Engineer: 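Structure below; questions to follow.
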Amino acid sequence: MNISVLSKAADTVSNCWGFLTVTDKENQELLQQLLQKQKTGKLTPTDRYKIPPQDMPEQDPITRSGNVNEVATGYTETQARLESMRCLQCKKAPCINGCPVRIRIRDFISAIADGHYKKALDIIKENSLLPAVCGRVCPQEVQCQQTCTVGLKFKDSTKAVSIGRLERFVADLDQNAGSVPAVAAETGMKVAVIGSGPGGIVTAADLRRAGHDVTIFEAFHKTGGVMVYGIPEFRLPKAIVQKEIDILTKMGVKITCNFIVGRTRTIEQLLKKDGFDAAYIGVGAGLPRFMGIEGESLIGVFSANEYLTRANLMKAYDFGSGADTPIALSRKVAVMGGGNVAMDSARTALRLGAEKVYLVYRRTEKEMPARIEEVHHAKEEGIEFHILQSPKRIIGNENSHVIAIECLKYRLGEPDDSGRRRPIPIEGSEFRIDVDTCIIAIGNIANPLIRQTTPGLEFNKWGNIVVDEETMATSVPGVYAGGDIVSGAATVILAMGQGRIAAAAINQYLEKEKKNRNQRM
Ligand code: FAD
């Protein structure tokens, strides 16, 4: 695609919701001046520094807190070109070292600056199979953008080139293409991919590309892992994930849902009885942690996992017409935690009609692990932050329904093992917040099912699978693992990166196995 083609139609680009966004006139004039300079080779670093960082267009906070549509609506073409021209094209490209899958960031941004969007996307796809997902949910501010020279020059990380937004821009232009990668001739080797999260998806794609017979086994009735049941629609539209799944099926990957490995069949049975030659375990870290305080088993207390699954997968926002799940009845909600999961839960509660949503966190905002953008969005939407506070107990009525939380106030002490300052409760500081729903969002750990049913598989003390990091091979020959079940609760991009390493190693393993088999015959 080329700028001249798009600019003919008053420089409009449709975002993933199909709305048309017209870019502002000033931006268009600036872009024309810069393009002239670029043409004549006169675009200097000073010119680039002067280009204003492009804000992401968003639904306004009042409107969006009443719907589940995506909050950020995506750059217009003019914005994307301007933002890409802010990139200095550094020789050493420090941004690439900040990217867990080493995308050639400088080169894809240069292609956008030249109006070559397909080329930009092709560059991204060399290393990332899910750019529309990563452009939306990757924590770029602590990865590629943290090392951006422009941000460092201004001593302000928010002025770094918006790499993620540019990635999203080109990925969204490709949404209708849905091109299906070529698949090599059938090898006759069978691989089981357990779990359909981002790690499972990219592993399955790479294995199928090599010509193997690949089946994904998924415990839920729907594929996509946390991208579908955890991250809400307003941050990651489910249609984007579904397109990736559709590509897998078009490539010939088989998908079996409602299949719990460890219950329906064990890994041992898949390998020894069902004819699979190798397996990839990508089951994530789906077991919620609780606080261990009085009242956690009252009616109205949810783990964030359950709450978000009911909202996303069981469509609680459609309460009354399509989905009868009780969480939509909450009026006053307290969410415990300060990570992305806590922000997602709080913002979901608001969209499900809660009048008041409190976010209760025992450290300060500075220590919150959530992305700055999510904290900002949550506040804009009216979530009430209660920092340096944590519940001591949850109080119920005679029917065992939650009616309040009793909290303690905290102060910060010296840093603990995590490097963050330790929260210390202030004695006698108890106070009460009236709520009818509590959502516990203090983290997830590995589900023990695979450990309990797979003899010989080595785990660490946190219940995560031990792997050789070069290959993602586990202690069981032919069995590989990656994503949150290996790293603990982490990120989409890390799960994808590990999935690709595992797929490459499985391809090598199967090649050897095939040779051995042929020699034995
Ligand atoms: P998962 O995505 O966890 O998928 C695992 C799949 O395996 C699931 O579908 C599960 O049902 C299935 N499964 C489990 N056990 C079995 C079994 N025994 N048999 C068969 N199938 C099984 N990361 C980001 O980068 N950015 C974000 O903004 C972000 N926000 C998040 C918000 C929330 C609410 C949550 C919970 C996580 C968020 N994360 C985010 C983290 C990110 O989603 C995960 O790190 C990533 O999805 C892990 O991928 P995975 O492939 O390991 O598995």
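One is the number of the first residue; the rest follow in order along the sequence. As the structure is a prediction and not an experimental result, all values here were calculated from the model. In each ligand, atom 1 is the first atom listed, and ligand 1 is the first ligand listed. Computed over heavy atoms, backbone and side chain alike; hydrogens, waters and symmetry mates excluded.
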Engineer: Taking only heavy atoms of Phe217 into account, list the atoms of ligand 1 that are under 4.0 Å away from them.
Structural biologist: 20 (C), 21 (N)
Engineer: To check your reading of the model: name the closest protein heavy atom to atom 5 (C) of ligand 1, its residue, and the distance in Å.
Structural biologist: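 Looking only at protein heavy atoms, the one closest to atom 5 (C) of ligand 1 is Gly282 O, 3.4 Å.
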Engineer: Between CD of Glu469 and OG of Ser487, what distance do you get to the nearest 0.5 Å?
Structural biologist: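 Interatomic distance, Glu469 CD to Ser487 OG, rounded to 0.5 Å: 8.5 Å.
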Engineer: Test your reading of the model: is there a side-chain donor-acceptor pair from Glu83 to the backbone of Ala80, 3.5 Å cut-off?
Structural biologist: no
Engineer: Is the number of heavy atoms from other residues, nucleotides or ligands under 6.0 Å of Gln508 CD greater than 12?
Structural biologist: no
Engineer: In terms of atom number and element, which parts of ligand 1 are under 4.0 angstrom from non-hydrogen atoms of Phe259?
Structural biologist: 19 (N), 20 (C)
Engineer: At what distance is the nearest protein heavy atom to atom 53 (O) of ligand 1, and which residue and atom is it?
Structural biologist: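 Nearest protein contact, heavy atoms only, for atom 53 (O) of ligand 1 is Gly284 CA, 3.7 Å.
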Engineer: Under the criterion side-chain contact (heavy atoms from CB on, under 4.5 Å), which of Thr309, Ile260, Val228 is the partner of Phe220?
Structural biologist: Thr309
Engineer: Can you check whether Ile260 has an N/O within less than 3.5 Å of an N/O in ligand 1?
Structural biologist: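 For ligand 1, there is no N or O atom that lies under 3.5 Å from one belonging to Ile260.
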Engineer: For ligand 1, is any non-hydrogen atom under 4.0 Å from Asp344's backbone (N, CA, C, O), its side chain (CB onward), both, or neither?
Structural biologist: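 It is the side chain that gets close, since no backbone atom is under 4.0 Å.
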Engineer: Could you name the option among Thr223, Leu308, Leu236, Val226 that has the heavy atom nearest to atom 43 (O) of ligand 1?
Structural biologist: Val226
Engineer: Cation over ring, Arg351 on Phe234, under 6.0 Å and within 45°?
Structural biologist: yes
Engineer: Hey, does Ala490 sit under 4.0 Å from ligand 1 if you only count heavy atoms?
Structural biologist: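 Distance cut 4.0 Å: Ala490 passes for ligand 1.
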Engineer: Could you tell me whether the side chains of Ser475 and Glu458 share a donor-acceptor contact shorter than 3.5 Å?
Structural biologist: no
Engineer: Would Thr364 and Glu367 satisfy side-chain hydrogen bond (donor to acceptor under 3.5 Å, both in side chains), going step by step from the backbone distance to the final call?
Structural biologist: CA-CA 6 Å; Thr364 70; Glu367 286 81 26; 2.3 Å; yes
Engineer: Using a cut-off of 6.0 Å, state whether more than 12 heavy atoms not belonging to Glu470 lie near its atom CD.
Structural biologist: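 It does not: Glu470 CD has 12 such atoms or fewer within range.
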Engineer: Please state which option from Lys222, Arg136, Arg235 has its nearest heavy atom closest to atom 30 (N) of ligand 1.
Structural biologist: Arg235
Engineer: Could you find the nearest protein heavy atom to atom 21 (N) of ligand 1 and give me its residue, atom name and distance?
Structural biologist: Ala219 N, 3.1 Å
Engineer: Tell me which one of Val261, Asn312, Val133 gets a heavy atom nearest to atom 18 (N) of ligand 1.
Structural biologist: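 Closest candidate by heavy-atom distance is Val261.
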Engineer: Below 4.0 Å from ligand 1: does a non-hydrogen atom of Pro198 turn up there or not?
Structural biologist: yes
Engineer: Would you call Asp246-Lys243 a salt bridge at under 4.0 Å N-O?
Structural biologist: no
Engineer: Can you tell me which residue and heavy atom of the protein come closest to atom 9 (O) of ligand 1, and the distance to 0.1 Å?
Structural biologist: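 For atom 9 (O) of ligand 1, the nearest protein heavy atom comes out as Glu218 OE1, 2.7 Å.
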Engineer: If you count the atoms of ligand 1 from 1 in the order shown, which ones are under 4.0 Å from a heavy atom of Gly483?
Structural biologist: 52 (O)
Engineer: Under 30°, 30 to 60°, or over 60°: which ring-plane class applies to Phe276 and Phe217, parallel, tilted or perpendicular?
Structural biologist: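 If you compare the ring of Phe276 with that of Phe217, the planes turn out perpendicular.
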Engineer: Going by the order shown, which atoms of ligand 1 are within less than 4.0 Å of some heavy atom of Gly225?
Structural biologist: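 That gives atoms 2 (O), 4 (O), 8 (C), 9 (O) of ligand 1.
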Engineer: Could an N or O of ligand 1 be found under 3.5 Å from any N or O of Tyr229, whether backbone or side chain?
Structural biologist: no
Engineer: Find all atoms of ligand 1 within a distance of less than 4.0 Å from any non-hydrogen atom belonging to Asp484, and give their numbers and elements.
Structural biologist: 44 (C), 45 (O), 46 (C), 48 (C), 52 (O)
Engineer: Which heavy atom of the protein is the closest neighbour of atom 25 (O) of ligand 1, given with residue, atom name and distance?
Structural biologist: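 Looking only at protein heavy atoms, the one closest to atom 25 (O) of ligand 1 is Val492 N, 3.0 Å.
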Engineer: Taking atom CZ of Arg106 and atom SG of Cys148, what is their separation to the nearest 0.5 Å?
Structural biologist: 13.0 Å
Engineer: Ligand 1 versus Glu374, non-hydrogen atoms closer than 4.0 Å: side chain, backbone, both, neither?
Structural biologist: neither
Engineer: Are there more than 12 heavy atoms of other residues, nucleotides or ligands under 6.0 Å from atom CD1 of Ile372?
Structural biologist: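 Counting other residues, nucleotides and ligands, CD1 of Ile372 stays at 12 neighbours or fewer.
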Engineer: Pull out every atom of ligand 1 sitting under 4.0 Å from any heavy atom of Val137, numbered as shown with elements.
Structural biologist: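 So the atoms of ligand 1 that pass are 24 (C), 25 (O), 26 (N), 27 (C), 28 (O).
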Engineer: Stepwise, does the side-chain contact (heavy atoms from CB on, under 4.5 Å) test hold for Val101 with Gln143?
Structural biologist: CA-CA 11 Å; Val101 295; Gln143 296 179 342; over 6 Å; no
Engineer: What protein heavy atom sits nearest atom 14 (C) of ligand 1, and how far off is it?
Structural biologist: Val283 O, 3.3 Å
Engineer: Relative to Tyr229, does Lys222 satisfy both conditions: NZ or CZ under 6.0 angstrom from the six-membered ring centre, and within 45 degrees of the ring's axis?
Structural biologist: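 That pair does not qualify as a cation-pi contact.
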Engineer: Would His377 and Glu373 satisfy side-chain hydrogen bond (donor to acceptor under 3.5 Å, both in side chains), going step by step from the backbone distance to the final call?
Structural biologist: CA-CA 6 Å; His377 280 152; Glu373 186 178 297; 4.6 Å; no
Engineer: Which residue holds the protein heavy atom closest to atom 31 (C) of ligand 1, what is that atom called, and what is the gap in Å?
Structural biologist: Ile231 CG1, 3.6 Å
Engineer: In terms of atom number and element, which parts of ligand 1 are under 4.0 angstrom from non-hydrogen atoms of Gly230?
Structural biologist: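 Under 4.0 Å from Gly230, ligand 1 has these atoms: 34 (C).
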Engineer: Quick check on contacts: which atoms of ligand 1 are under 4.0 angstrom from a heavy atom of Gly199?
Structural biologist: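 So the answer, numbered in order with elements, is 51 (O).
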Engineer: Around atom 33 (C) of ligand 1, find the nearest protein heavy atom and jot down its residue, atom name and distance.
Structural biologist: Val341 CG2, 3.6 Å
